[in-house]
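FYI, side chains are in, hydrogens and waters are out, and symmetry mates aren't considered; it's all heavy atoms of this structure. Note that the structure is predicted; figures quoted are calculated from it, not measured. A note on names: the letters A, B, ... follow the listed sequences, proteins ahead of strands, and every chain is numbered from 1.
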Protein chains: 2
Amino acid sequence: MKTDLRIFKTKEALRNALMHLLEQKSLNSISVTELCQLAKVNRGTFYAHYGQVENLFEEYFKTIMEDLADSYQEPYKYVQNLLSKDLNPATIRIFHHIEKYQPFYHIVFSKTVPLAYYYLLFDHVQTLIKDDVSEHYGNGIDIDISMVSAYQANAILGLAIEWHRQDFKQSAEDMNQLLVRVLSI
Amino acid sequence: MKTDLRIFKTKEALRNALMHLLEQKSLNSISVTELCQLAKVNRGTFYAHYGQVENLFEEYFKTIMEDLADSYQEPYKYVQNLLSKDLNPATIRIFHHIEKYQPFYHIVFSKTVPLAYYYLLFDHVQTLIKDDVSEHYGNGIDIDISMVSAYQANAILGLAIEWHRQDFKQSAEDMNQLLVRVLSI
DNA sequence: ATATTTAATGAACAAGTGTACAATAAAATT
DNA sequence: AATTTTATTGTACACTTGTTCATTAAATAT
């Protein structure tokens, strides 16, 4: 069962309007009213599909997270000769992924946005890392894998935050090399 | 020049009302109207001092951050025999600090709150760690100290987030021991 | 092509937001 | 104690929010 064309058009119009507005102002400052005016969609129609502007953004968010997962699956092309003992491709690919979706991450890392988005990102990275951590330490080890992966996932995101704060002036490649050095300390 | 008694009373009433409301509902769902009704303060008066409910919360935030800094200055009492090579007292004291202000951190780590609060916390921890990092690696080293401290600060906060997610079921002491183990891996 | 289903619209509602200003009352100053 | 200063109040305004519902119109099914 495919979705009604009208629904598709409505959602598309709202998505385009949101992307347009996000270039000018922050997510939290976008009102339902102005979004609907720009999208030429009735306000009631918006509320029929989304409860708030954030929910619309979350649809976009999901597609980005799919790319993050895809990046993880992808062959590891860029840093063959930079591997340290505990460094795995997933942790390294993330900087290229962030670079690719820089405008998006500019929003996700912006101060006014709810912590929920950071957590969604955190969850994805933690899940990717969790597999490697549990594989690395086996089953019988007496340490909370969730804690170890939370530590490592958020450490990487700490670099991403600092990268964002420095206006992404470094290249993704620079960030990879930095990560390798930090891990080898 | 001391502040007008009326201002003090107004702010006190608003602060108490906020603390009361935060026990029942999330920060972002508290309206200016209900806050002022509970505090018995005119809505116009609220806007004379704060632009939004969040600004009021930020005043409380500052006092907590002062305690975090104080904790750092305090003699290191709890983990004399757990020190690993790179582990310093500041990173360890943070779990006791979080435990002490658990209701506060429950709010700061809640999904609906803006990322700004996380960043404020991040900044404080990063600053504390920065001193140790630069001391440890000297001046002539060719690595971005901000990046290294961002990595380490956020790694610790990753543990704090996971701790929060597991409803603070571990003791601060448990978290200290966990940190030492993660660092020694 | 027509009938049926269902999404979008427009209008109206109560409630909250942010701002402004004259009137009042409570502090600080003399 | 009287005067001056200034914070608070009450009221009003235009606006946004979230919701409801009958009407309209577009898409799907026959």
For this session: Enter the inter-axis angle for the ends of the helix from C:dA14-D:dT17 to C:dT30-D:dA1 (five pairs per end, rounded to 10°).
Result: 30°
Problem set entry | A:K25 NZ: over 12 foreign heavy atoms closer than 6.0 Å | yes
Exercise. Within a radius of less than 6.0 Å around NE2 of B:H106, do more than 12 heavy atoms belonging to other residues, nucleotides or ligands occur?
Worked result: no
Problem set entry | Whole angstrom value for the distance that separates C1' of D:dA29 from CG of A:L5 | 15 Å
Exercise. Over how many whole Å does the gap from B:N55 atom CG to C:dG18 atom P extend?
Worked result: 10 Å
Exercise. Hey, does the side chain of A:N28 reach the backbone of A:V113 with a donor-acceptor pair shorter than 3.5 angstrom?
Worked result: no
Exercise. Tell me: CG of A:N28 to C1' of D:dT17, nearest whole Å?
Worked result: 16 Å
Exercise. Checking all strands, does B:S31 fall into the base, sugar-phosphate, or nothing category for heavy-atom contacts under 4.0 angstrom?
Worked result: sugar-phosphate
Problem set entry | Aromatic ring pairing A:Y101/A:F104, orientation class (parallel under 30°, perpendicular over 60°, tilted between) | perpendicular
Exercise. A:Y118 vs A:F122 aromatic rings, parallel, tilted or perpendicular, using cut-offs 30° and 60°?
Worked result: tilted
For this session: Have a look at B:N42 and say if it touches a base, only the backbone sugar-phosphate, or nothing, with a 4.0 Å heavy-atom cut-off.
Result: base
Exercise. Rounded to whole angstrom units, what separation is found between the CD1 atom of B:I7 and the P atom of C:dA27?
Worked result: 11 Å
Exercise. For the pair made of CZ in A:F46 and P in D:dT20, what is the distance, rounded to whole Å?
Worked result: 16 Å
Problem set entry | B:T10 vs D:dA7: side-chain N/O to OP1/OP2 distance below 4.0 Å | no
Problem set entry | Under-4.0 Å side-chain N/O to phosphate OP1/OP2 contact, B:T45 with D:dT9 | yes
Problem set entry | N or O in side chain of B:K9 less than 4.0 angstrom from D:dT8 OP1/OP2 | no
Problem set entry | Base C:dA27 to side chain B:R6, donor-acceptor N/O within 3.5 Å cut-off | no
Exercise. Does a side-chain N or O from B:Y47 land closer than 4.0 Å to OP1 or OP2 of C:dG18, or not?
Worked result: yes
For this session: Have a look at A:K40 and say if it touches a base, only the backbone sugar-phosphate, or nothing, with a 4.0 Å heavy-atom cut-off.
Result: sugar-phosphate
Seminar exercise, completed: Of A:G44 and B:G44, the one whose closest nucleotide on DNA chain C sits nearer the 5' end is A:G44
For this session: May I ask you to evaluate whether B:H49 reaches the phosphate of D:dA7, defined as a side-chain N or O under 4.0 Å from OP1 or OP2?
Result: no
Problem set entry | Nearest heavy-atom neighbours spanning A:E34 and A:S29 | OE2-O, 3.3 Å
For this session: Nearest whole angstrom, please: distance from the P of D:dA25 to the CG of A:D4.
Result: 17 Å
For this session: Grab the OH-P distance between B:Y50 and D:dT8 for me, whole Å please.
Result: 10 Å
Exercise. Are A:W163 and A:Y105 close enough that their ring centers fall under 6.0 Å?
Worked result: no
For this session: Round to the nearest Å and state the distance from A:K11 atom NZ to C:dA7 atom P.
Result: 11 Å
Exercise. Below 4.0 angstrom from OP1 or OP2 of D:dT17, is there any side-chain N or O of A:T33?
Worked result: yes
Exercise. For DNA chain C, whose closest nucleotide is more 5', that of A:V41 or that of B:V53?
Worked result: A:V41
Exercise. Ignoring hydrogens and angles, does a donor from either the side chain of A:R43 or the base of C:dG10 sit under 3.5 Å from an acceptor on the other?
Worked result: no
For this session: Please work out which of the three classes, parallel, tilted or perpendicular, describes the rings of A:F57 and A:Y60, given edges at 30° and 60°.
Result: perpendicular
